[in-house]
Every structure is written in structure tokens, then in C-alpha cells.
Amino acid sequence: MKNKLKILDCTLRDGGYYNQWDFEASTVDKYVKAMIVAKVDYVEIGFRNFSQNHFLGPYAYSTDSFLNNIKNIEKLNIAVMSDASIFLGDKKDIKNKVRQLYNYKEKSPVSLVRIAVHYNSVEESKDILLTLNELGYSVALNLMQTGGKTAIEIESVVKIISSWDVVETLYFADSLGNMDNEEVVSIIKILNNCWNKELGIHTHNNKGKAISNSLAALNHGVTWIDATVQGMGRGAGNGATEDLLREINNINGDFYHPQSLYKLALEEFGALQKKISMGTKFTLFIGS
């Protein structure tokens, strides 16, 4: 299983909703070191975005020049995420917009780009994925708000994505945190009817089932799983990386080192949690 399984920690991206993606350099230094020791497969360091007219910290942009100055980053597999909507304003200029934000992979510390997209924008997002592929990146697509979608809705968009033959990993996101194990398994069965590449899951913890849903997905063939340190993420947060790694070790053997994250979770992100009052709660939101 381990040769296929990929754990992606997206603390600095999903958790950035709480502090405007403005993390202390000392915290990030400890975070990177802990991720290396823990053997987390991919670290999604933040969003990649266009300039905004209000303050956002550097992890909302995650430019190559900024990332290159993070200590030890070359020891990690780095991912960033962009929302498809930032490219879709002018349909004739999508490819140029992508190239404004993304250099050729060989000149970037980023190896994986994830595009978050709503179901009603999938078809018009094709040029985003094609351009990223041309630039040399591994490409993943996150289907937001998959919970509650019918089999027909899911199958119709996935068949379109499959026909492009550029997306390597297809994620389905429990954006509202309202899925249970049964729905997770049902969605995977639907996806397996129209998708023959790797699958990933991104869970939220509104009902306290982020880890449980992730493990249910793992048991039914999903090979990419997201998590965040201390469960720090938008709304009610995500499954905690330290908990997920421990559970996976119980299933697959001691490959990961969750203990390297405990001090980080308690002292760095635990302190941040108290400051910004994040945690499991019934919060409805729109996001990945």
C-alpha cells in the first residue's frame, strides 16, 4: 500500500484562512523540519494567486522566489493550489493567465499543482490543466463540494476530465464537512466507473468524521489523502495529520513518524488555535 499511498499536508494553505496566510518564519521553519522527519509525502505550502487589493500573507501567493528562500524546502515535495476561478474571467486569455503565475517546472521548487474547481466550472477549466501540463507540472484537480451530488452529476464531469488525459490525480472534496463513511464509499464506487487514474480525498471536520472518512476512502482504494497539523483548516478544520499518520501506521506498519509532529502541533499550531479560536464547529462555507 505505501508505494501508492500519498499523504499531503496542506496546513499552510487550508489553515491560512484563519490568519490571512501570514505565518511566522520561525513556525514555518519548524513545520518544514517536522514534515521532513515525519516522511509526509507532499506539502502544499499555500495558494498561488494574483495580487489582491487587500492584505494577504505570502502563503496566499507562494511565489517561486519566496519559496526558494524557505530553509530545507528542497527536501520536500512541494505543492501549491490555485482556484480555477482566478483564471476564468476572460476565456480567451486563460493560458496566458496561467503562465503569468506559473513558470516552467524545471525553474520552480513546485512539483505538483492542484486546481480547485466547482462542478459548474469544470468544462471551461480545460485550458488551465493543459497549460500546467505543458509547463511540466504534475496536475491534480479538486472537485469541490462533492457531498450531496448525484451519480449523474459526478459521472458527467469526470468523463469530461478523463477525456483531457492531463489530470493525474482526481480529488473529491467534502467541502462542507457533511459526509459520512457511507457517502464516501458510494462516491468512490461512482468514480471508479469513469476514472482509472489515482483518486484523492480532502475532508473537513464539521461532523468530527474527517479522519474516519479518510480511512474509509483509503480502505476503498483512494491513494491521496489530505490532512493538516492540529486539524487547522477552513471552517471546522480538517483531519489532523498527526492523527492520520498514527492511524495509517496501525494499518500499514510504521512508515511515517507522527511523533515528530506532536510538539509542533501543541506548541506552534496549538498556540495559534487558542489565538484564533479554530476548531470543530458547525460552520457552513464554500471552499475546497
Side-chain angles (χ1 to χ4, degrees), residues 6-17 41-49 59-60 62 77-88 98 101-102 110-133 137-149 153-162 164 166-179 183-184 187-188 190-191 194-195 197-205 210 213-214 217-218 222-228 233-235 237-239 285-288:
K6 298 289 186 296
I7 303 301
L8 185 148
D9 183 277
C10 50
T11 306
L12 303 185
R13 197 271 303 169
D14 215 334
Y17 284 101
D41 300 283
Y42 277 83
V43 168
E44 191 167 71
I45 207 76
F47 276 110
R48 178 71 59 89
N49 208 345
Y59 297 92
S62 305
N77 293 314
I78 295 298
V80 295
M81 176 180 279
S82 290
D83 193 302
S85 63
I86 68 173
F87 301 111
L88 298 179
V98 174
L101 283 189
Y102 289 94
V110 173
S111 58
L112 170 66
V113 177
R114 302 206 297 175
I115 298 297
V117 64
H118 288 284
Y119 275 70
N120 60 4
S121 297
V122 164
E123 200 160 3
E124 57 189 324
S125 299
K126 178 180 179 180
D127 281 346
I128 302 172
L129 288 307
L130 287 173
T131 306
L132 289 168
N133 183 259
Y137 294 99
S138 295
V139 180
L141 190 65
N142 284 37
L143 290 173
M144 294 190 282
Q145 297 187 17
T146 296
K149 293 289 190 297
E153 288 176 303
I154 296 171
E155 286 182 356
S156 62
V157 299
V158 173
K159 286 178 180 177
I160 292 169
I161 297 164
S162 182
W164 301 339
V166 293
V167 174
E168 297 176 29
T169 304
L170 182 66
Y171 266 84
F172 64 99
D174 181 17
S175 306
L176 304 180
N178 56 5
M179 287 186 188
E183 185 174 12
V184 167
I187 289 170
I188 294 169
I190 295 168
L191 291 170
C194 49
W195 182 257
K197 296 182 183 179
E198 292 187 279
L199 286 173
I201 188 170
H202 179 90
T203 61
H204 279 267
N205 209 33
N213 286 340
S214 296
L218 172 67
V222 166
T223 55
W224 287 73
I225 302 176
D226 288 7
T228 59
R234 192 174 183 181
N238 311 98
F285 61 92
I286 298 174
S288 64

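Just so you know, these numbers use all the heavy atoms, side chains as well, and skip hydrogens, waters and symmetry mates. Note that the structure is a prediction, hence the values are computed from the model and not measured.
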With Glu123, which residues qualify under side-chain hydrogen bond (donor to acceptor under 3.5 Å, both in side chains), at least two apart? none
State whether the side chain of Asn205 and the backbone N or O of Gly239 hold a donor-acceptor pair below 3.5 Å, judged by distance alone. no
Just jot down the side-chain hydrogen bond (donor to acceptor under 3.5 Å, both in side chains) partners of Tyr59, sequence neighbours excluded, or say none. none
Between Ala84 and Ile115, what is the shortest heavy-atom contact and its length? CB-CG2, 3.8 Å
Using side chain to side chain contact (heavy atoms under 4.5 Å, CB included), reason through Leu143 and Val158 one step at a time and then give a plain yes or no. CA-CA 9 Å; Leu143 290 173; Val158 173; 4.1 Å; yes
Mind listing the closest non-hydrogen atom pair of His204 and Ala210 along with its distance? O-CB, 3.8 Å
Check whether Asn213 reaches the backbone of Ala217 with its side chain - one donor and one acceptor, N or O, closer than 3.5 Å. no
Pair Trp195-Val167, side chain to side chain contact (heavy atoms under 4.5 Å, CB included): steps then yes or no: CA-CA 11 Å; Trp195 182 257; Val167 174; 3.9 Å; yes
Glu198 (side chain) donor-acceptor with Glu168 (main chain) under 3.5 angstrom: no
Closest contact, heavy atoms only, Glu155 versus Ile190: CG-CG2, 3.6 Å
Please report the shortest heavy-atom distance between Thr146 and Phe172, naming the atom on each side. OG1-CB, 3.6 Å
Main-chain N/O of Asp127 paired to Thr131 side chain as donor or acceptor, under 3.5 Å: yes
Are the side chain of Ser175 and the backbone N or O of Gln145 linked by a donor-acceptor pair below 3.5 Å? yes
Going from NZ on Lys197 to CG on Leu191, what distance comes out if it is rounded to the nearest 0.5 angstrom? 14.5 Å
Working to the nearest 0.5 angstrom, can you tell me the gap between Phe47 CZ and Leu12 CG? 12.0 Å
Please check if the number of heavy atoms outside Lys159 that lie under 6.0 Å from its NZ is greater than 12. no
Chi angles and distances behind the side chain to side chain contact (heavy atoms under 4.5 Å, CB included) call for Leu8, Arg114: CA-CA 11 Å; Leu8 185 148; Arg114 302 206 297 175; 3.6 Å; yes
Are Val110 and Ile78 packed together at the side-chain level, in the sense that at least one heavy-atom pair is separated by less than 4.5 angstrom? yes
Residues in side chain to side chain contact (heavy atoms under 4.5 Å, CB included) with Ser85, at least two apart? Asp83
Would you compute the distance between atom CG of Asp9 and atom CD1 of Ile45 and round it to the nearest 0.5 angstrom? 9.0 Å
Is the ring pair Tyr171/Trp224 parallel, tilted or perpendicular, if the boundaries are 30 and 60 degrees? perpendicular
Hey, could you give me the CG/CG distance between Leu199 and Leu218, rounded to the nearest 0.5 Å? 12.5 Å
Side-chain (Thr228) to main-chain (Cys10) donor-acceptor, under 3.5 angstrom: no
Is there side-chain contact between Asn77 and Lys6, with heavy atoms separated by less than 4.5 Å? no
Would a 4.5 Å heavy-atom cut-off, applied to side chains only, mark Ile201 and Ile187 as touching? no
How far does CD1 of Ile7 sit from CD1 of Ile225, to the nearest 0.5 angstrom? 4.5 Å
Quick one: closest heavy-atom pair of Asn142 and Met81, and the distance? ND2-CE, 3.3 Å
Nearest atoms (heavy-atom pairs only) where Leu141 meets Leu129: CD1-CD2, 4.1 Å
Heavy-atom side-chain proximity of Phe87 to Leu101 below 4.5 angstrom: yes
Can Asn238 and Asp226 be said to form a side chain to side chain contact (heavy atoms under 4.5 Å, CB included), step by step? CA-CA 8 Å; Asn238 311 98; Asp226 288 7; over 6 Å; no
Test item: Arg48 side-chain N/O and Ser62 main-chain N/O as donor-acceptor pair under 3.5 Å: yes
So do the side chains of Ser111 and Tyr42 get within less than 4.5 Å of each other, counting heavy atoms only? yes
When rounded to the nearest 0.5 Å, the distance separating OG of Ser125 from NE2 of His118 is 10.5 Å
